[in-house]
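Notes follow the structure.
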Amino acid sequence: MIKELIDLQRNSNATCVVIENIDSEKLSPIVSMKANVSDKFLLTGSIPPFADKIDEKCKKNKLCYFVIKGIDEISTEQQNRYVSLVKDRELNGYYLPKNCIIVFTVKDRSTLKNISQDLYHFAVVAF
């Protein structure tokens with residue numbers, strides 16, 4: 001994992017970082033969730049269920065990381081649910097704080113090919 005490259009994404013719009021699953025444990029402070037959550041989980045309510053946790057971590061720290069684990073293990077259609085989160089930094093009316101870095105994890109380098117082209121277009125591979 002190239003931590004400096006990850007941190008350079010701070011305050012950048014329309015970007016995300018891809019790292020290996022095991023490296024997510026080296027980031028702090030993080031809010032994490034599995035990529036395979038249901039649409040009901042993501043889109044129910046006035047704001048996404050992770051919003052309060054992200055706001056709390058980002059207010060207390062210079063940087064925070066929103067880690068979405070296992071993006072390579074879900075279908076292209078499911079992955080594309082996250083494109084607006086990366087592109088517009090918005091999901092279901094909730095906007096990510098500027099000091100929040102979006103991080104997706106994959107099993108290893110060989111599974112990078114499983115990331116949807118729409119999402120990969122915004123990605124910085126940091127390993």
Side-chain angles (χ1 to χ4, degrees):
M1 174 176 75
I2 307 170
K3 178 85 164 63
E4 295 81 17
L5 184 58
I6 295 169
D7 291 350
L8 284 173
Q9 305 317 305
R10 183 182 75 203
N11 297 322
S12 296
N13 293 328
T15 188
C16 63
V17 178
V18 179
I19 62 174
E20 289 182 292
N21 291 332
I22 195 162
D23 288 335
S24 68
E25 298 169 4
K26 298 174 185 173
L27 298 174
S28 179
I30 71 167
V31 173
S32 69
M33 71 176 201
K34 293 186 179 203
N36 66 352
V37 298
S38 68
D39 285 343
K40 183 177 179 182
F41 176 82
L42 278 179
L43 305 173
T44 300
S46 60
I47 60 172
F50 52 79
D52 291 336
K53 292 178 184 177
I54 290 175
D55 287 342
E56 179 184 328
K57 298 268 183 181
C58 287
K59 284 180 185 175
K60 292 181 181 178
N61 298 282
K62 186 176 180 180
L63 274 180
C64 69
Y65 306 91
F66 181 34
V67 178
I68 302 171
K69 297 181 177 185
I71 196 70
D72 57 330
E73 297 171 3
I74 60 175
S75 71
T76 299
E77 182 180 290
Q78 288 178 307
Q79 290 179 38
N80 287 340
R81 298 180 301 173
Y82 298 107
V83 170
S84 70
L85 180 66
V86 175
K87 181 181 171 194
D88 304 321
R89 299 186 56 82
E90 183 269 336
L91 184 68
N92 199 25
Y94 170 72
Y95 289 87
L96 289 171
K98 290 193 179 275
N99 62 331
C100 181
I101 298 173
I102 303 166
V103 179
F104 292 101
T105 70
V106 295
K107 182 178 177 184
D108 57 36
R109 187 175 301 276
S110 69
T111 61
L112 284 172
K113 67 181 182 284
N114 297 341
I115 298 177
S116 89
Q117 290 182 356
D118 293 334
L119 194 57
Y120 193 80
H121 173 75
F122 299 104
V124 173
V125 178
F127 64 91

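Just so you know, these numbers come straight off a predicted model, no measurement behind them. What's counted below: heavy atoms across the whole structure, side chains too, no hydrogens, waters or symmetry copies.
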Please confirm whether the backbone N or O of K62 pairs with a side-chain atom of R10, one donor and one acceptor, at under 3.5 Å?
no
Is the backbone N or O of A35 less than 3.5 Å from a side-chain atom of R81, with the two atoms forming a donor-acceptor pair by type?
yes
Residues that K60 engages under side-chain contact (heavy atoms from CB on, under 4.5 Å), provided they are two or more places apart
E56
Heavy-atom closest pair (L42 atom, P49 atom, distance to 0.1 Å) is O-CD, 4.3 Å
Transitively linked via ILVMFWY side-chain contacts under 4.5 Å: L63 with I19?
yes
Step-by-step side chain to side chain contact (heavy atoms under 4.5 Å, CB included) determination, I6 to M1:
CA-CA 9 Å; I6 295 169; M1 174 176 75; 3.5 Å; yes
How close do M33 and F50 get, counting heavy atoms only, and between which atoms?
SD-CD2, 3.8 Å
As a quick check of understanding, evaluate disulfide bond (SG atoms under 2.5 Å apart) for C64 and C58, giving each step before the final call.
CA-CA 5 Å; C64 69; C58 287; 1.8 Å; yes
Path from L5 to I115 over hydrophobic side-chain contacts below 4.5 Å:
no
Looking just at side-chain N and O atoms, do D7 and Y65 make a donor-acceptor pair shorter than 3.5 Å?
yes
Mind listing the closest non-hydrogen atom pair of S12 and L8 along with its distance?
OG-O, 3.7 Å
Side-chain heavy atoms under 4.5 angstrom apart, residues restricted to Ile, Leu, Val, Met, Phe, Trp, Tyr: same cluster for F122 and V106?
yes
Cluster link L85 to Y95, ILVMFWY, side chain under 4.5 Å
no
Determine whether L112 and F127 satisfy the following criterion, side chain to side chain contact (heavy atoms under 4.5 Å, CB included), listing intermediate values before the conclusion.
CA-CA 11 Å; L112 284 172; F127 64 91; 4.0 Å; yes
Of all residues at least two apart in sequence or in a different chain, which pass the side-chain contact (heavy atoms from CB on, under 4.5 Å) check with N11?
K98
In terms of heavy-atom contacts, Q79 and I74 come closest through NE2-O, 2.9 Å
From K87 NZ over to C16 SG, what is the distance, rounded to the nearest 0.5 angstrom?
13.5 Å
Side chains of D118 and S116: any donor to acceptor distance under 3.5 Å?
no
Given the rule in the side chain to side chain contact (heavy atoms under 4.5 Å, CB included) test, do C100 and K57 qualify, once you have shown the distances and angles that lead to the verdict?
CA-CA 9 Å; C100 181; K57 298 268 183 181; over 6 Å; no
Note, K3 side chain near L27 side chain (heavy atom, < 4.5 Å):
yes
Should Y82 and V67 be regarded as members of a common hydrophobic cluster, given that ILVMFWY residues are connected when their side-chain heavy atoms come within less than 4.5 Å of each other, either directly or indirectly?
no
Under a 3.5 Å distance rule, please check whether T105 uses its side chain to pair with a backbone N or O of E20 as donor and acceptor.
no
Distance, nearest 0.5 Å, that separates CG of D52 from OH of Y94
8.0 Å
Donor-acceptor check, side chain of N99 to backbone of N61, threshold 3.5 angstrom: yes or no?
yes
Q9 side chain reached by I102 side chain, heavy atoms, under 4.5 Å
no
Under 3.5 Å donor-acceptor, T111 side chain and N114 backbone
no
Are any of the side-chain heavy atoms of L43 and L91 separated by less than 4.5 Å?
yes
